Participant: 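The following block contains the structure, expressed as structure tokens.
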Amino acid sequence: MRANFEIMSIAEQIAELQKQVEVLKAASAEELEALRLKYMSKKGAIPQLFEQFKAVPKEEKATLGASINHLRQQAEARFNELREQLGSMANQAYADKQDLTRTPDPIELGTRHPLSLVREEIIDIFSRIGFTVADGPEVEDDKHVFSLLNFAPEHPARDMQDTFFVEKEEGVQKPSDILLRTHTSSVQTRVMTSQQPPIRVLCPGRVYRNEAISARAHCFFHQVEGLYIDKNVSFADLREALLYFAKEMFGAETKIRLRPSYFPFTEPSAEMDISCDICGGKGCAFCKGTGWVEILGCGMVDPNVLEACGIDSKVYTGYAFGMGVERIANLKYRVKDLRLFSENDVRFLRQFESC
């Protein structure tokens, strides 16, 4: 009687477990794992049937054994089905969250070019004292680049060795009056011929000169030039504006020195040096032992330039200055080779990720 009771008990358990397995559901991988442990683990409901199966009489083993094996196969099939459903749901959820317009991973941090950083810092410093930005074409005419700036017809800068001229016609050997600008002073002449004082502009841009490319020179480079014209503008105003710039760009302890020089478009003219920020003016290899480093040229606008541009030199005076952006970048970031600025070497550019 006891054996029959056990046989009926296992058969009932198999029938009950079949009903449960058929309706198994899982909303997550965690729920599915919990069900697997409940039904299929070593101590789960189906393996326990095999333990009970050991006490079943021989004549009943074939029937019950087949039923238990079928239940196990049914359970395994159901678990595989649920696993596939969860995988499909996860893949769909992942796909729904994807932005197909996004660039592939990993997305690297971009960098700003050091010349752009320096140019914008220069513009920002002078904008605080009223300078606005003016722009002009890089392909210019002789009038705006040379003639209006008091360059004599025989001036060496007009020579083909220094200036890139553009031929008007194919096969014409003589230089035309169209050229690649050699300085951004051409923007200043365009401003002076198109508006009356007061004028206070900053002219950043790329310029071109016919020079051999080396670590210290290039056939193109970048300038920022400034122009201020108004009544009663003096050399003292120029000095104070440049001292303010030097302290803002290189530090409050920076000193400046103005040395007499010559430019066709300014009179008097000067070169400006700053105290070397490496040695503090004591002298080092960078400043060649002098304690000073040259950074720009400047001067009072020549009356001939004012008159040529239609501005009354008896009423107005003004000053102008110009600096190379590469020169300032060299001082600020200690870049020794000018060619690095234009070679697009990502190893060089990555050094400025935090700037």
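Just so we're clear, the structure is a prediction, and the values are computed from it rather than from any experiment.
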Participant: Looking at every heavy atom in both Gln195 and Pro198, which two are closest together, and how far apart are they?
Facilitator: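 Taking Gln195 first and Pro198 second, the nearest heavy atoms are NE2-O, 4.3 Å.
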Participant: Side-chain contact test, heavy atoms from C-beta onward, threshold under 4.5 Å: evaluate it for Leu17 versus Ile14 and give yes or no.
Facilitator: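 No. Closest side-chain heavy atoms not under 4.5 Å.
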Participant: Quickly, which of Val224, Asp135, Val187, Ile122 forms a side chain to side chain contact (heavy atoms under 4.5 Å, CB included) with Pro204? Name it, please.
Facilitator: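 Running side chain to side chain contact (heavy atoms under 4.5 Å, CB included) over Val224, Asp135, Val187, Ile122 with Pro204 returns exactly one hit, Val224.
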Participant: Could you grab the distance from atom CE of Met323 to atom CD of Gln223, nearest 0.5 Å is fine?
Facilitator: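 Rounded to the nearest 0.5 Å, the CE-CD separation comes to 10.0 Å.
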Participant: Is there a salt bridge (charged side-chain N to carboxylate O under 4.0 Å, His left out) between Asp345 and Arg347? Walk through the geometry before answering.
Facilitator: CA-CA 5 Å; Asp345 189 330; Arg347 295 171 300 176; 2.8 Å; yes
Participant: When hydrophobic residues are tied together by side-chain contacts of less than 4.5 Å, even through go-betweens, does Val133 share a cluster with Phe131?
Facilitator: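 Same hydrophobic cluster.
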Participant: Please say whether more than 12 non-hydrogen atoms of neighbouring residues, nucleotides or ligands are located less than 6.0 Å from CD in Glu253.
Facilitator: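 Check fails, neighbour count at 12 or below.
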Participant: Quick one, Ile256 with Arg239, criterion side-chain contact (heavy atoms from CB on, under 4.5 Å). Give me CA distance, side-chain angles, the key distance, then yes/no.
Facilitator: CA-CA 9 Å; Ile256 68 170; Arg239 182 187 182 281; 4.2 Å; yes
Participant: Would you check if the side chain of Ser275 reaches a backbone N or O of Lys255 as a donor-acceptor pair within less than 3.5 Å?
Facilitator: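 Between the backbone of Lys255 and the side chain of Ser275 there is a qualifying donor-acceptor contact (under 3.5 Å).
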Participant: Kindly indicate whether the side chain of Asp162, heavy atoms from C-beta on, has any atom under 4.5 Å from the side chain of Thr182.
Facilitator: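 No, every pair of side-chain atoms sits at 4.5 Å or beyond.
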Participant: Between Ile274 and Trp292, is there a side-chain heavy-atom distance shorter than 4.5 Å?
Facilitator: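 No; the side chains remain at least 4.5 Å from each other.
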Participant: Tell me, with the steps shown, if Glu307 and Ile311 meet side-chain contact (heavy atoms from CB on, under 4.5 Å).
Facilitator: CA-CA 5 Å; Glu307 294 293 340; Ile311 297 174; over 6 Å; no
Participant: Among pairs that include at least one residue of residues 261-273, which meet salt bridge (charged side-chain N to carboxylate O under 4.0 Å, His left out), considering only residues two or more places apart or in two chains?
Facilitator: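 Passing the test, one end in residues 261-273: Arg257-Asp273, Arg259-Asp273.
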Participant: Would you please say whether a donor-acceptor pair under 3.5 Å links the side chains of Arg327 and Asn330?
Facilitator: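 Side chains of Arg327 and Asn330: no pair found under 3.5 Å.
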Participant: Can you check whether Arg112's main-chain N or O pairs, donor with acceptor, with Ser116's side chain at less than 3.5 Å?
Facilitator: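 No, Ser116 side chain to Arg112 backbone: no donor-acceptor pair under 3.5 Å.
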Participant: If every non-hydrogen atom of Cys203 is compared with every non-hydrogen atom of Gln188, which pair is closest and at what distance?
Facilitator: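 Distance-wise, the nearest heavy atoms are SG-CG, 3.8 Å.
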Participant: Through direct or indirect side-chain contacts below 4.5 angstrom among Ile, Leu, Val, Met, Phe, Trp and Tyr, which residues connect to Val207?
Facilitator: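 Members besides Val207, by chain and number: Phe221.
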Participant: Let me check something: do Phe352 and Leu331 share a hydrophobic cluster, defined by ILVMFWY side-chain heavy atoms less than 4.5 Å apart, either directly or through other members?
Facilitator: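 Same hydrophobic cluster.
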Participant: State whether the side chain of Asn150 and the backbone N or O of Pro264 hold a donor-acceptor pair below 3.5 Å, judged by distance alone.
Facilitator: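 It does hold such a pair.
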Participant: Within this structure, what is the CG-SG distance for the pair Leu149 and Cys309, rounded to the nearest 0.5 Å?
Facilitator: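 With rounding to 0.5 Å, CG (Leu149) is 7.0 Å from SG (Cys309).
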Participant: Should Val233 and Asp230 be marked as a side-chain contact (heavy atoms from CB on, under 4.5 Å) after you check the CA-CA gap, both sets of side-chain angles, and the distance that decides it?
Facilitator: CA-CA 6 Å; Val233 177; Asp230 205 346; 3.7 Å; yes
Participant: So, Arg209 side chain and Phe164 main chain: donor-acceptor pair closer than 3.5 Å or not?
Facilitator: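 Flag not set: sc Arg209 to bb Phe164 has no pair under 3.5 Å.
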Participant: Could you go step by step and tell me if Arg339 and Asp337 meet the salt bridge (charged side-chain N to carboxylate O under 4.0 Å, His left out) rule?
Facilitator: CA-CA 5 Å; Arg339 292 169 292 191; Asp337 192 333; 2.9 Å; yes
Participant: Donor-acceptor pair, His183 side chain versus Val145 backbone, under 3.5 Å?
Facilitator: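 Judged by distance alone, yes, a pair lies under 3.5 Å.
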Participant: Take the angle between the ring planes of Phe263 and Phe265 and call it parallel below 30°, perpendicular above 60°, tilted in between.
Facilitator: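 Parallel.
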Participant: For Phe151 and Phe146, take the angle between the two ring planes, folded into 0 to 90°, and tell me which bin it lands in: parallel under 30, tilted 30 to 60, perpendicular over 60.
Facilitator: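 Because their plane-to-plane angle is over 60°, the rings of Phe151 and Phe146 count as perpendicular.
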Participant: Taking atom CG of Asn232 as the centre, does the number of heavy atoms from other residues, nucleotides or ligands within less than 6.0 Å exceed 12?
Facilitator: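 Counting neighbours around CG of Asn232, 12 or fewer heavy atoms of other residues, nucleotides or ligands fall under 6.0 Å, so no.
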Participant: Would you mind reporting whether Glu140 and Ser186 have side-chain heavy atoms less than 4.5 Å apart?
Facilitator: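 SC-SC contact between Ser186 and Glu140 confirmed.
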Participant: Closest heavy-atom contact between Leu115 and Val325?
Facilitator: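 The pair with the smallest heavy-atom distance is O-CG1, 3.7 Å.
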Participant: What residues, two or more places apart in sequence or in another chain, satisfy side chain to side chain contact (heavy atoms under 4.5 Å, CB included) together with Lys247?
Facilitator: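 Lys247 satisfies side chain to side chain contact (heavy atoms under 4.5 Å, CB included) with Leu243 once adjacent residues are dropped.
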Participant: I'd like to check Val335 versus Glu326 (side-chain heavy atoms, cut-off strictly below 4.5 Å). Are they in contact?
Facilitator: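 Val335 vs Glu326: side chains apart.
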Participant: State, yes or no, whether a side-chain contact exists between Gln196 and Ile229 at a heavy-atom distance under 4.5 Å.
Facilitator: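 Answer no - side chains too far apart.
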Participant: Are there over 12 heavy-atom neighbours, none belonging to Arg334, within less than 6.0 Å of that residue's CZ?
Facilitator: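 Buried by this count: over 12 neighbours within 6.0 Å.
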Participant: So, Phe126 versus Phe321, ring centres under 6.0 angstrom or not?
Facilitator: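 So the answer is yes for these two rings.
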Participant: Do the side-chain N and O atoms of Glu16 and Gln20 include a donor-acceptor pair separated by under 3.5 angstrom?
Facilitator: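 On atom types as modelled, these side chains qualify, holding a pair under 3.5 Å.
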Participant: Would you compute the distance between atom OG1 of Thr184 and atom CZ of Arg206 and round it to the nearest 0.5 angstrom?
Facilitator: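 Interatomic distance, Thr184 OG1 to Arg206 CZ, rounded to 0.5 Å: 13.5 Å.
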Participant: If you look at every heavy atom in Phe245 and Ile295, which pair is closest and at what distance?
Facilitator: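 The answer is CE2-CD1, 4.2 Å.
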Participant: Start with the C-alpha gap between Phe79 and Leu24, add the side-chain angles, then the distance that decides, and say whether side-chain contact (heavy atoms from CB on, under 4.5 Å) holds.
Facilitator: CA-CA 8 Å; Phe79 278 112; Leu24 285 180; 4.0 Å; yes
Participant: Within the 4.5 Å heavy-atom criterion, are Cys219 and Asn210 side-chain neighbours or not?
Facilitator: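 Not touching, per the 4.5 Å side-chain cut-off.
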Participant: Look at the side chain of Thr163 and the backbone N and O of Phe165, then say whether any donor-acceptor pair between them is shorter than 3.5 Å.
Facilitator: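 Looks like no, no N/O pair under 3.5 Å.
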Participant: Examine distances only and state if a side-chain atom of Arg200 and a backbone atom of Ile129 form a donor-acceptor pair shorter than 3.5 Å.
Facilitator: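 Checked: pair present.
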Participant: Please report the interatomic distance CG(Asp142) to CD1(Ile178), rounded to the nearest 0.5 Å.
Facilitator: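 Going from the CG atom of Asp142 to the CD1 atom of Ile178 covers 9.0 Å.
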Participant: Would a distance-only check, ignoring hydrogens and angles, find a side-chain to backbone donor-acceptor pair under 3.5 Å from Glu225 to Ser185?
Facilitator: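 A pair under 3.5 Å: yes.
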Participant: Determine the minimum heavy-atom distance between Leu306 and Tyr316, stating which atoms define it.
Facilitator: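 Where Leu306 meets Tyr316 most closely, the heavy atoms are CD1-O, 3.5 Å.
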Participant: Considering non-hydrogen atoms only, spot the tightest contact between Thr266 and Ala320 and give its length.
Facilitator: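 Smallest interatomic distance, heavy atoms only, reads CG2-CB, 4.4 Å.
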Participant: Short question: side chain of Thr189, backbone of His144 - any donor-acceptor pair under 3.5 Å?
Facilitator: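 Pair found, side chain donor or acceptor close to backbone of His144.
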Participant: Strictly distance-based, threshold 3.5 Å: is any side-chain N or O of His113 a donor or acceptor partner for the main-chain N or O of Leu349?
Facilitator: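 Looks like no, no N/O pair under 3.5 Å.
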Participant: Are Ile213 and Phe220 linked, directly or through intermediate hydrophobic residues, by side-chain heavy-atom contacts shorter than 4.5 Å (ILVMFWY only)?
Facilitator: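 Different hydrophobic clusters.
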Participant: Nearest 0.5 Å please: distance from the CD atom of Glu121 over to the CD1 atom of Ile328.
Facilitator: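 Between Glu121 CD and Ile328 CD1, I get 10.0 Å after rounding to 0.5 Å.
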Participant: Hey, would you say the Tyr319 and Tyr228 ring centroids sit under 6.0 Å apart?
Facilitator: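 Centroid separation for Tyr319 and Tyr228: below 6.0 Å.
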Participant: Any non-hydrogen side-chain atom of Cys298 less than 4.5 Å from a side-chain atom of Leu258?
Facilitator: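 In short, these two side chains touch, coming nearer than 4.5 Å.
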Participant: For the CD1 atom of Ile123 and the CZ atom of Arg119, what is their distance to the nearest 0.5 Å?
Facilitator: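 Separation between the atoms: 6.0 Å.
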